[in-house]
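Here is the structure we will look at, set down as structure tokens.
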Amino acid sequence: MPIADIQTRIETACQKAGRSAASVELIAVSKVQPDARVEAVLQSGHRIFGENRVQEAQGKWPTFKAQFSGVKLHLIGPLQSNKIKPALELFDAIHTLDREKLARKLATEVQARGNCPELFIQVNTGEEPQKAGVLPAALEAFIKTCQGFDLEISGLMCIPPVEEEPSLHFALLAKMAKENGLSGLSMGMSSDFESAIALGATHIRVGSAIFGERVKPD
Ligand SMILES: *Cc1c(COP(=O)(O)O)cnc(C)c1O
């Protein structure tokens, strides 16, 4: 679907929710998509993209960034602590902060560089054993840990369990953000971004609805 059509759907969802369309940032998730599709979206004028692997992003984004100005990249997949340096070279935002060791190492690097990406804490709202993210019960303490390292936290991110109603998880994430005084909410993907907007999403991560089905598994 052309990205302009996604923007129209975002505007409609915002109107229904009594929100301004400017309050929602569309992250075009380009992981594993062929370069030609990504380039077409860049040509259309969109500049905010998401990738879930540092190494994959390193392979394609330096070239695109040299060709198109004003690109903003969001890391939406897991970050290994040995990839922090390259991640900070490339990404303007990290959505997957989820453990103390990562927070500590990130803080050290951020201090050395003198600038910090926008940071979201990933919350495992479904408490799924195989999934990354801080458990809801541990969130408040983890936010304090990050703040203790002088990391500024913008908000929370979640990936709801596939078999559950996503809006329950969006509502839970919004509640936890409010309780902790955080304004950013990274939630909503191709199949559910409208309900995420209704529940307060500030950042939606949309891949296949923009680019088409991913050709390789992610
Ligand atoms: C792949 C991915 C998305 C986009 O998924 P679509 O269903 O293609 O929109 C969003 N968030 C995360 C964390 C992802 O890994």
Side-chain angles (χ1 to χ4, degrees), residues 1-10 13 24-38 40-41 44 46-61 72-80 83 87 90-99 102 117-128 130-134 154-170 172-174 177 184-218:
M1 177 180 296
I3 198 156
D5 293 359
I6 303 284
Q7 290 289 5
T8 306
R9 285 172 59 186
I10 293 170
V24 178
E25 189 160 301
L26 171 59
I27 300 167
V29 178
S30 49
K31 65 182 183 200
V32 309
Q33 296 288 355
D35 284 355
R37 289 189 193 169
V38 181
V41 172
S44 79
H46 194 76
R47 289 292 181 270
I48 306 167
F49 292 84
E51 288 285 344
N52 73 337
R53 297 222 167 115
V54 176
Q55 207 165 339
E56 188 189 336
Q58 277 178 302
K60 63 193 196 206
W61 282 100
K72 299 281 178 212
L73 275 190
H74 292 246
L75 179 64
I76 61 169
L79 177 56
Q80 269 82 49
K83 293 273 170 61
L90 264 183
F91 291 98
D92 301 284
I94 294 170
H95 291 237
T96 49
L97 183 56
D98 67 350
R99 55 199 192 279
L102 180 61
E118 193 176 5
L119 296 175
F120 294 82
I121 292 172
Q122 183 174 356
V123 185
N124 186 353
T125 55
E127 306 192 24
E128 296 172 278
Q130 82 286 6
K131 199 169 265 180
V134 179
S154 292
L156 305 179
M157 176 270 214
C158 77
I159 308 170
V162 277
E163 70 287 0
E164 286 180 29
E165 172 53 45
S167 57
L168 299 175
H169 294 270
F170 299 155
L172 176 62
L173 197 72
L185 282 171
S186 168
M187 57 189 199
M189 319 204 303
S190 290
S191 57
D192 53 26
F193 68 84
E194 279 129 330
S195 66
I197 289 172
L199 290 160
T202 59
H203 295 70
I204 59 172
R205 311 179 307 264
V206 180
S208 42
I210 295 171
F211 295 101
E213 288 305 315
R214 285 180 281 278
V215 276
K216 287 182 275 171
D218 58 355

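First listed ligand is number 1; within each ligand, the first listed atom is number 1. Note that this is a predicted model, so its numbers are computed, not measured.
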Validation row: E118, F120 side chains within 4.5 angstrom (heavy atoms):
yes
When you measure from the side chain of T96 to the backbone N and O of Q122, does any donor-acceptor pair fall under 3.5 Å?
no
Interfacing atoms of ligand 1 (cut-off 4.0 Å, heavy-atom, V206)
9 (O)
Only heavy atoms of R205, strictly under 4.0 Å: list the atoms of ligand 1 that pass.
4 (C), 9 (O), 10 (C), 11 (N), 12 (C), 13 (C)
From K31, M157, R214 - option closest to atom 2 (C) of ligand 1 by heavy atom
K31
Given 3.5 Å as the limit, does a donor-acceptor pair link the side chain of S186 with the main chain of M157, or not?
no
Per-atom contacts, ligand 1 versus I159 - under 4.0 Å to a heavy atom
13 (C)
Compare all side-chain heavy atoms of K60 with those of E51 and state whether any distance is below 4.5 angstrom.
yes
Which atom of P117 lies closest to which atom of F91, heavy atoms considered:
CB-O, 4.1 Å
Could you check whether any heavy atom of H95 sits closer than 4.0 Å to an atom of ligand 1, since that is the contact criterion I want to use?
no
Answer yes or no: is there a donor N or O on one side and an acceptor on the other, between the side chain of E56 and the main chain of K31, under 3.5 Å?
no
Evaluating non-hydrogen atoms only, which member of M187, M189, E213, E51 is closest to atom 3 (C) of ligand 1?
M189
Ligand-side contact atoms (ligand 1) for residue partner G207, heavy atom cut-off under 4.0 Å
4 (C), 6 (P), 8 (O), 9 (O)
